[in-house]
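Notes to accompany the following structure.
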Protein chains: 2
Amino acid sequence: MNLKQLSEILGLSQTTVSRALNGYPEVNEDTRLRVQAAATKHGYRPNSRAKGLATGRSMVIGHVIPSSSQHEMVNPIFGDFVAGAAKKYAEHGYDMMFTNADDTSIERAYRDLFQRGAVDGVVLQGPKVNEPRIGVLSRMGVPFIVHGRATGVDGPYDWIDVNNKSSFQRATKFLIDLGHRRIALINGLEDMDFAQRRRAGYLEALHEAGIAPDPCLMRSAEMTEVYGHHEARAMIQMDNPPTAILISSMISAIGVRRALNEAGLKMGRDVSVIAHDDDLSYLKNGQDVPIYTATRSSVRQAGEIAAEMLIERIKSPDGPVQTRLLEAELVVGGSTGPAPDRF
Amino acid sequence: MNLKQLSEILGLSQTTVSRALNGYPEVNEDTRLRVQAAATKHGYRPNSRAKGLATGRSMVIGHVIPSSSQHEMVNPIFGDFVAGAAKKYAEHGYDMMFTNADDTSIERAYRDLFQRGAVDGVVLQGPKVNEPRIGVLSRMGVPFIVHGRATGVDGPYDWIDVNNKSSFQRATKFLIDLGHRRIALINGLEDMDFAQRRRAGYLEALHEAGIAPDPCLMRSAEMTEVYGHHEARAMIQMDNPPTAILISSMISAIGVRRALNEAGLKMGRDVSVIAHDDDLSYLKNGQDVPIYTATRSSVRQAGEIAAEMLIERIKSPDGPVQTRLLEAELVVGGSTGPAPDRF
DNA sequence: TTGTATCTTCAAAGCGCTTTGGATGACGAA
DNA sequence: TTCGTCATCCAAAGCGCTTTGAAGATACAA
């Protein structure tokens with residue numbers, strides 16, 4: 001059923017039917033009701049490609065999934081972020097499109113998506129330090145929003161981010177106040193902007209307390225469970241092991257706990273642990289009592305906000321730059337305690 | 001840059017340029033090269049909406065993300081499945097579109113997606129027992145593939161699934177052979193088809209061994225970490241606790257381990273545990289030595305296969321029904337051992 | 001009665017592409 | 001010379017929608 005058929009059934013022109021359905025004022029209310037009834041009855045859905053061609057808008061927002069050859073993995077926060085965004089997209093009548101691209105062709109994938117007219121705007125996830133994609137998108141004139149920020153990229157762009165630095169600074173200070181001096185950082189890949197910021201916060205807190213950072217206590221990699229386990233086990237076996245560990249992800253924190261358990265150490269007593277908690281729906285940090293002391297910030301909520309900001313940008317391409325800095329909450333759970341006296 | 005402009009630059013007709021770019025034979029090779037060079041130089045990308053309108057195909061495949069009001073969660077396997085599918089879509093020139101729909105409007109969302117001409121086919125994830133969407137899609141004539149199957153739905157349809165029954169039967173038998181008699185099942189929501197099948201496999205193995213199933217040992221809910229923890233803790237405290245636990249998800253298995261640790265029990269010695277492992281990239285079951293004894297089947301690979309099967313279906317809508325049953329591998333790790341003598 | 005304003009509807013152009021059905025010219029065969 | 005055959009290329013129609021510009025109908029004022 002297309003517009004032409006529907007208008008023939010109704011004995012009206014396509015113009016009138018189209019206007020009736022799209023809420024234009026210059027159509028009689030009786031006519032409008034008749035048209036709407038017929039549309040519902042016959043299950044008419046305007047063809048979105050034709051509509052897009054005619055209006056110049058696609059009502060689709062694009063995301064690019066990087067499929068790196070080195071580490072073929074989907075970030076677990078991906079699902080929650082997308083779910084949050086999708087909800088808002090749906091509310092505003094947008095669909096969401098994904099394209100897969102390998103590491104070498106990500107820029108081209110964004111350019112493609114937009115220049116083909118497939119999307120009205122894009123979301124840029126996981127920005128790296130000096131992220132080149134931001135410049136590319138700016139120059140192209142695509143409406144876009146960055147989930148995160150990119151140190152070293154100047155020029156205005158819309159972003160939403162968690163205050164990674166302050167939350168890790170605060171978490172580190174929390175451990176220092178508990179008497180910890182040897183505090184480890186199990187961080188994400190350090191070319192990722194968020195990881196840089198978290199490390200900066202960590203270092204700053206150490207600096208304020210007059211503690212010299214120990215490079216042996218700072219690790220950086222893709223934040224899997226196995227990685228958390230591996231690094232924690234290695235650190236426990238050091239001559240001068242850390243009494244506290246800061247971890248950039250709940251997933252890796254699970255690995256850390258596994259390593260501690262294997263070594264017969266108790267979290268919160270022998271070793272204190274603070275994790276960053278993205279508040280993933282399938283991986284809540286405990287129910288009533290938090291398992292981990294954690295810096296918490298809902299990535300699903302970030303997805304919702306990002307979606308709304310992007311839609312706003314699409315509506316007014318020349319509007320003021322929008323930025324949004326979310327503060328993570330420090331949730332105190334059972335994984336932290338005073339530093340054990342072992343000196 | 002559109003086709004018209006490009007053809008004017010080249011001094012050719014739109015027809016010829018279009019044909020040159022799309023590999024039709026009736027165009028001189030020299031001309032084709034000239035056209036291709038100009039297209040690259042000017043960064044010409046055919047507008048996908050226009051192309052779609054003209055060809056009647058959208059080169060997009062649709063997925064629907066359910067956002068239930070009760071349990072607002074994204075299945076963690078979602079990300080990996082999608083990553084696998086996206087890779088194959090990209091190889092075949094397809095994009096992937098997501099629509100969000102709440103529980104009450106999922107059927108309408110699928111209908112919409114297709115009738116609007118937004119997609120050429122859809123993937124149906126997480127089928128329930130008697131899944132009504134399958135009938136809807138069949139009647140609409142959309143090419144689709146089901147990830148999973150639906151007991152109670154007859155009529156042919158394409159699907160790819162893991163042999164849930166046989167893998168859980170085998171895992172249960174493995175535990176029985178180790179001397180376990182009280183074996184618990186921490187399962188997914190039982191209106192989900194996969195959960196039904198897993199339970200069937202579990203029950204059959206018990207039956208074969210002449211063990212009467214105990215309803216107290218069978219739990220069912222959304223498979224979060226917290227759920228695993230909660231159920232395991234409750235079971236441990238029973239008068240006659242299980243000596244082994246079968247868990248439908250790695251995520252919940254983490255919660256189970258947490259509960260065991262809290263109770264001072266050692267996995268594999270005091271309580272044996274087998275989990276189903278979807279081989280998620282961020283949550284591998286250990287590195288060299290598996291953490292858990294597990295029934296393993298890569299959901300990313302399932303995504304890849306599903307994508308290829310769907311594309312095949314789109315190519316030949318009247319081709320034979322395709323089904324694919326993957327056998328899960330039983331990986332033996334450190335979480336299982338002989339039943340403790342406590343009788 | 002005529003002119004003007006308002007309401008309602010319509011025909012047709014246009015969005016950017018593919019594809020049908022020729023047109024043109026070159027070339028060799030009859 | 002004339003015709004058929006290729007090899008190339010093109011004009012124009014059509015995909016299903018929105019939107020411009022206009023027209024018919026009605027009502028009201030002059």
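All chains are named by letter (A, B, ...) in the order of the sequence lines, taking the proteins before the strands, and each is independently numbered beginning at 1. Only a predicted model underlies this, so the values are computations on that prediction, with no experimental measurement involved.
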Self-check item: Greater than 12 external heavy atoms within 6.0 Å of K128(B)'s NZ
Solution: no

Name all residues meeting the side-chain contact (heavy atoms from CB on, under 4.5 Å) criterion together with [X]; count only those two or more places apart in sequence or in a different chain, and write none if there are none.
| X | value |
| --- | --- |
| A54(B) | none |
| T16(B) | L12(B), S13(B), V27(B), T31(B) |
| H92(A) | Y94(A), E308(A), I311(A) |
| M309(A) | I145(A), I160(A), I305(A), Q322(A), R324(A) |

Quiz item: Looking at T15(B), does any N or O in its side chain come under 4.0 Å of the phosphate oxygens OP1/OP2 on dC10(D)?
Solution: no

Quiz item: About how many Å separate CD of E304(B) and CG of D80(B), when rounded to the nearest 0.5 Å?
Solution: 10.5 Å

Quiz prompt | From CZ (F194(B)) to CG (L189(B)), nearest 0.5 Å | solution = 7.5 Å

Quiz item: Got a sec, which pairs hit salt bridge (Lys or Arg N to Asp or Glu O under 4.0 Å) with one end in residues 135-150 of chain B, sequence neighbours left out?
Solution: R149(B)-D161(B)

Pairs under 3.5 angstrom, nitrogen or oxygen only, protein versus nucleotides 24-28 of chain D, please.
none

Practice problem: Go through DNA chain C in 5' to 3' direction and return only the first and the last nucleotide with some atom under 4.0 Å of chain A's heavy atoms. | Solution: dT8(C) to dG16(C)

Practice problem: Please check if the distance between the ring centroids of Y282(A) and F78(B) is under 6.0 Å. | Solution: no

Quiz prompt | Qualifying side-chain hydrogen bond (donor to acceptor under 3.5 Å, both in side chains) pairs, either residue in residues 45-58 of chain B, two or more places apart | solution = D112(A)-R45(B), S58(B)-D120(B)

Quiz item: Among residues 19-36 of chain B, which contact DNA chain C at a heavy-atom distance under 4.0 Å?
Solution: R19(B), N22(B), Y24(B)

Practice problem: Specify the residues of residues 41-56 of chain A, ordered by number, for which at least one heavy atom lies under 4.0 angstrom from an atom of DNA chain C. | Solution: L53(A), A54(A)

Quiz item: Sequence neighbours excluded, which residues qualify as ring pair (Phe, Tyr, Trp, His ring centres under 6.0 Å) partners of F81(B)?
Solution: H147(B)

Self-check item: Axis deviation across the helix from dT1(C)-dA30(D) to dA30(C)-dT1(D), five-pair ends, to the nearest 10°
Solution: 70°

Quiz prompt | Interatomic distance where CG belongs to L3(B) and P belongs to dC10(D) [whole Å] | solution = 12 Å

Quiz item: Between A101(B) and V64(B), what is the shortest heavy-atom contact and its length?
Solution: CB-CG1, 4.0 Å

